[in-house]
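This report refers to the structure that appears directly beneath it.
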Number of protein chains: 2
Amino acid sequence: MYRLTNSLPYMLNRVGVRMGDLFSRRIAGYGVTLPMYRVMAALWEKGDQRLGDLAGMTTIEISTLSRLIGEMKRRGLVTRTRLKDNARTVAINLTPKGRTLVEELIPIAVHFEEVAVRNFPSKNVSDLKTVLAEIYESLNSIEPEIEEVNKARKAAKSKA
Amino acid sequence: MYRLTNSLPYMLNRVGVRMGDLFSRRIAGYGVTLPMYRVMAALWEKGDQRLGDLAGMTTIEISTLSRLIGEMKRRGLVTRTRLKDNARTVAINLTPKGRTLVEELIPIAVHFEEVAVRNFPSKNVSDLKTVLAEIYESLNSIEPEIEEVNKARKAAKSKA
DNA sequence: ACTTGTCATTTGCAAATGCAATTATTGTTC
DNA sequence: GAACAATAATTGCATTTGCAAATGACAAGT
């Protein structure tokens, strides 16, 4: 029998929201929001990114991200420069100030995660991560299937 | 070495957002948003809930939920009635219309989940769920610890 | 070279969100 | 039992969000 509270999207969302919320509060004192942290950590991991790539990497919608980068630029955390050779794209990077800040926050993130999963065998946690990554990948392949159903519905509807 | 893309909150958020997004589009044709579905499925699982309980069950912020319930009531999906014996609380329930709709959507949710994880041994999936539930529980116990750190920071700050 | 098309990003605008303050009811204490 | 505290839900308001339209820049076809 179906139960929402036992369905995967629900469980993922619930833990994700809760963890995000806790970590968010943990770093609030540094004047940084969670999306900002994600952007900085993403740039720290891989700099010189275009807006679209960063959006993909952080799962932040692109127009939201555009504005967020604007704000972070005003705060001196990142740079946003049009490329000379291809001026319709933009390269986003950490400033030294942004780098210093994110390198202060990363140990906090590490510690946070340690605390969050300290009651679990590390094998379980690494298995969990593996499965999460695999499911994420596999979602890309089911997307067309989902869209198909929608199209079928729409077609049937417009016919009716 | 730390990588955002290998950190648990990030991975959870990413898969959760993606799954929610796909399912959201899947049910959009029924005129229902994902939060609405969650509310209906939660009420289907356990009716006669108070606002605060529903908020806890769905991880929807309470004021957002209050307005959402208002909208759903206007659409005839739920009822919201003040209790006679304790008139500061409210009991929320599905209407027959809401029940019919959610019972139409649940098989879609079941199928969606089947598709999403069909490449994985069911053992892995059930393990995953178990760990997710346990981590969620354990987060409650670390919350005070997190808050402690914040308080400590604030205290140190106001002293300085 | 000029129109047409496509890609990457930004912006306008309406809707959704969340914190804080408010309202309404119940519980407690003196 | 009057004043005060606590609980539950709602609402005001400023911020954030996301879709769709607009902008700006390169690419291709004629």
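Chain naming here is simple, since letters A, B, ... match the order of the sequence lines and numbering starts at 1 in each. We use all heavy atoms of the structure for the numbers below, so side chains are in, but hydrogens, waters and symmetry mates are not.
Smallest separation of non-hydrogen atoms from Ala116(A) and Met19(A): CB-CE, 3.4 Å.
Nearest to the side-chain atoms of Arg80(B) among the listed nucleotides dT10(D), dT9(C), dT26(C) stands dT10(D). The nucleotide whose nearest atom lies closest to any side-chain atom of Thr89(B) is, among dT26(C), dT10(D), dA8(D), dA8(D).
One can place CG of Leu34(B) at 14 Å from C1' of dA16(C), the figure rounded to the nearest angstrom. Counting to the nearest Å, the C1' atom of dT23(C) and the CZ atom of Arg82(B) are 9 Å from each other. The CG-C1' distance, from Leu68(B) to dA9(D), rounds to 15 Å in whole Å. Nucleotide dA25(D) holds its C1' atom 13 Å from the CZ atom of Arg50(A), rounded to whole Å. We find that CG of Leu51(B) is positioned 17 Å from P of dT7(D), with the value rounded to whole Å. Rounded to an integer number of Å, the gap from CD of Gln49(A) to C1' of dT9(C) is 15 Å. Between the CD atom of Glu71(B) and the P atom of dT10(D) there is a distance of 14 Å, given to the nearest Å. Separating the CG atom of Asp53(A) from the C1' atom of dC7(C) is a distance of 13 Å, rounded to the nearest angstrom.
At a threshold of 4.5 Å between non-hydrogen side-chain atoms, the residues Leu51(A) and Ser66(A) count as touching. Trp44(B) places none of its side-chain heavy atoms less than 4.5 Å from the side chain of Leu4(A).
In the model, Glu45(A) has a side-chain atom that pairs as donor or acceptor with a side-chain atom of Thr5(B) under 3.5 Å.
In this structure a side-chain-to-backbone donor-acceptor pair under 3.5 Å is missing from Thr79(A) to Thr95(A). Using a distance-only test at 3.5 Å, with no hydrogens or angles considered, no donor-acceptor pair links the side chain of Lys129(B) to the main chain of Asn124(B).
When each of Leu83(B) and Ile62(A) is assigned the nucleotide of DNA chain C bearing its nearest heavy atom, the one mapping closer to the 5' terminus is Ile62(A).
Because its NZ or CZ atom is not both nearer than 6.0 Å to the ring centre of Tyr10(B) and within 45° of the ring axis, Arg38(A) does not count as a cation-pi partner of that residue.
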Across nucleotides 15-22 of chain D, 5' to 3', mark each nucleotide with B, S or - according to how protein heavy atoms within less than 4.0 Å reach it. --SBB---
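Put simply, the side chain of Arg88(A) and the base of dT9(C) share no donor and acceptor less than 3.5 Å apart.
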